[in-house]
*Asks:* 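Questions regarding the structure given below will be posed in turn.
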Protein chains: 2
Amino acid sequence: MKNYELVLHQVEADLAAGRLRIGGRLPGERVLAEQLGISRPSVREAVRVLEAMGVVRTATGSGPEAGAVIVAEPVSPLTAVLRLHLATNHLPMADVVQTRLLLESWSAREAAERDLGAGELKVAAELLDRMDDAGLSPEEFHLLDAEFHVALSGLAGNVLIAAVMASLRSAIHGYVLAAVPNLLDWEATAMGLRAEHRAILAAVRGGEAERAADLVTAHIRGFYQAAQLAPFGGEGGAAEADDDRRADDQVE
Amino acid sequence: MKNYELVLHQVEADLAAGRLRIGGRLPGERVLAEQLGISRPSVREAVRVLEAMGVVRTATGSGPEAGAVIVAEPVSPLTAVLRLHLATNHLPMADVVQTRLLLESWSAREAAERDLGAGELKVAAELLDRMDDAGLSPEEFHLLDAEFHVALSGLAGNVLIAAVMASLRSAIHGYVLAAVPNLLDWEATAMGLRAEHRAILAAVRGGEAERAADLVTAHIRGFYQAAQLAPFGGEGGAAEADDDRRADDQVE
DNA sequence: CCTACCTCTGTGGTCGGACCACAGGGTAGG
DNA sequence: CCTACCCTGTGGTCCGACCACAGAGGTAGG
């Protein structure tokens with residue numbers, strides 16, 4: 001048992017037992033070290049891991065914002081894990097896109113069935129308005145695009161799926177941007193995406209669950225095909241898997 | 001920019017550029033420190049994070065197995081993130097179960113459609129045989145159960161979804177075990193689970209995609225209801241089962 | 001009395017050096 | 001040739017120190 005794991009287990013136990021809560025603070029590194037009978041460097045390694053896991057946020061100085069504050073931020077660690085494993089090329093881009101399809105179509109269907117009010121849809125609607133600005137660069141556009149998709153996933157009410165979706169979008173953002181030059185006509189693409197977004201949101205608002213899911217599926221598939229990213233005949237930079245994914249051909 | 005982040009970015013860049021590969025080794029901590037102009041403790045914090053992210057595996061001693069070896073182990077970090085955030089109570093168990101339903105029913109459908117050979121199904125089949133042992137404790141049984149479900153997800157051929165599934169199972173394993181006493185009759189439950197597993201595998205083997213997905217959905221729902229782990233709103237399982245299986249299968 | 005400044009204190013961030021346990025490989029001895 | 005030993009390099013741990021930062025509270029000035 002390595003020493004820093006003592007801290008991890010202690011913190012997890014304290015969280016589970018309610019001794020530590022969101023917004024609370026970890027004891028100081030020096031205090032923690034003495035409590036567990038280990039050295040401060042060992043404590044620091046554990047705190048770094050907790051920080052990477054999105055469980056604490058550290059800050060210098062004094063006051064309520066300083067120190068190691070307990071937070072619950074699952075998106076950034078998931079993003080980091082995905083990014084790193086994408087970098088190793090042992091996580092094919094095709095699998096990421098396939099996962100997006102599954103999660104987003106499910107989310108859209110679920111959101112449509114929940115009969116949401118205008119207030120809950122407002123955030124997504126405003127994002128679409130901001131995306132109408134013709135002066136946006138592809139990068140700015142895609143950041144808003146990602147926000148819209150993440151907001152849409154959030155409407156399904158499952159925080160885990162929403163977090164995974166947000167991570168997927170963040171992790172692939174760089175790859176998506178790099179693929180923009182593959183598009184034949186950026187302006188035309190943007191126009192198409194805007195219209196598709198409106199249609200998706202309208203379907204969700206109207207409670208048309210299956211239509212919303214189908215539109216989302218077509219929307220994502222269409223973009224990845226146009227950008228030649230993956231997995232529909234594109235090369236995408238990921239290792240070329242020889243397997244024929246039957247699901248990819250079914251709906252078209 | 002904190003110093004240890006230098007190492008993280010360096011490693012990610014080296015991975016993406018192919019300068020670091022799976023099976024390769026990171027430079028020694030002392031070397032890395034000097035290369036980046038930082039101290040060894042800072043390097044160590046970064047290595048700890050990478051280890052927690054499943055990117056490296058550290059070992060003492062010398063030889064090819066010693067040092068920080070590059071690996072690709074996405075399951076353990078995902079598991080850790082889920083466990084920690086479950087501990088904070090900001091990740092409802094119901095959402096985890098819902099995610100399981102989505103991923104596993106999709107995986108079962110996908111696996112059935114791939115027309116797998118006996119060799120690929122062998123691992124799962126052997127797990128089922130081992131689960132027939134009546135002398136297994138609930139803990140041993142559920143470990144095999146988890147392995148079976150993870151193996152099943154793996155048959156769909158999406159490493160990301162398989163990794164997420166494995167993480168979900170690991171993260172909730174403790175909670176599942178704690179709920180065993182809620183079951184009215186453990187032996188009867190185990191018999192039922194065995195039969196359901198056999199039916200699922202048979203459906204996958206026979207290419208009955210929709211049946212496999214439905215069986216998986218009912219299997220998971222049934223267990224969680226019996227164990228009183230995650231309440232499913234008020235709806236009955238049967239009526240809803242039809243809604244959950246319509247991810248990408250319009251054409252069928 | 002009020003305000004502005006300024007020190008004081010506690011936080012994480014970083015550093016260099018030291019020692020330990022471990023495991024492999026080269027080497028001296030049988 | 002084989003065996004046992006030591007040497008070397010690895011991560012694991014610890015210590016003690018100093019820095020930058022930001023709030024708190026005292027203090028001097030208005």
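Residue numbers start from 1 in every chain, and the chains themselves are labelled A, B, ... in the order their sequence lines are given, proteins ahead of strands. Because the structure is a prediction, the values reported are computed rather than measured.
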*Asks:* Verify the neighbour count for atom CD of E34(B): are there more than 12 heavy atoms of other residues, nucleotides or ligands below 6.0 Å?
*Replies:*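 Open: at most 12 neighbouring heavy atoms sit under 6.0 Å from CD of E34(B).
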*Asks:* What is the distance, to the nearest angstrom, from the CG atom on L32(B) to the C1' atom on dT14(C)?
*Replies:*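 The distance from CG of L32(B) to C1' of dT14(C) comes to 16 Å, rounded to the nearest Å.
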*Asks:* Classify the angle between the aromatic ring planes of H197(B) and H149(B) as parallel (below 30°), tilted (30 to 60°) or perpendicular (above 60°).
*Replies:*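 Perpendicular: the ring planes of H197(B) and H149(B) meet at over 60°.
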*Asks:* For residues N182(A) and A227(A), report the shortest heavy-atom separation together with the two atoms involved.
*Replies:*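 Minimum heavy-atom separation between N182(A) and A227(A): ND2-O, 3.0 Å.
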*Asks:* What is the distance, rounded to the nearest whole Å, between atom CZ of R57(A) and atom P of dG12(C)?
*Replies:*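 Value for this atom pair: 12 Å.
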*Asks:* Each nucleotide in nucleotides 12-24 of chain D should get exactly one letter: B, S or -. Can you fill that in based on protein heavy atoms under 4.0 Å?
*Replies:* BBBB-B---BBB-
*Asks:* Salt-bridge test for E65(A) and R57(A): reply yes if a basic N is under 4.0 Å from a carboxylate O, no otherwise.
*Replies:*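 Here E65(A) pairs with R57(A) in a salt bridge, since their nearest N and O are under 4.0 Å apart.
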*Asks:* Angle between ring planes, W186(B) versus F141(B), binned at 30° and 60°: parallel, tilted or perpendicular?
*Replies:*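 Plane angle over 60°, so perpendicular.
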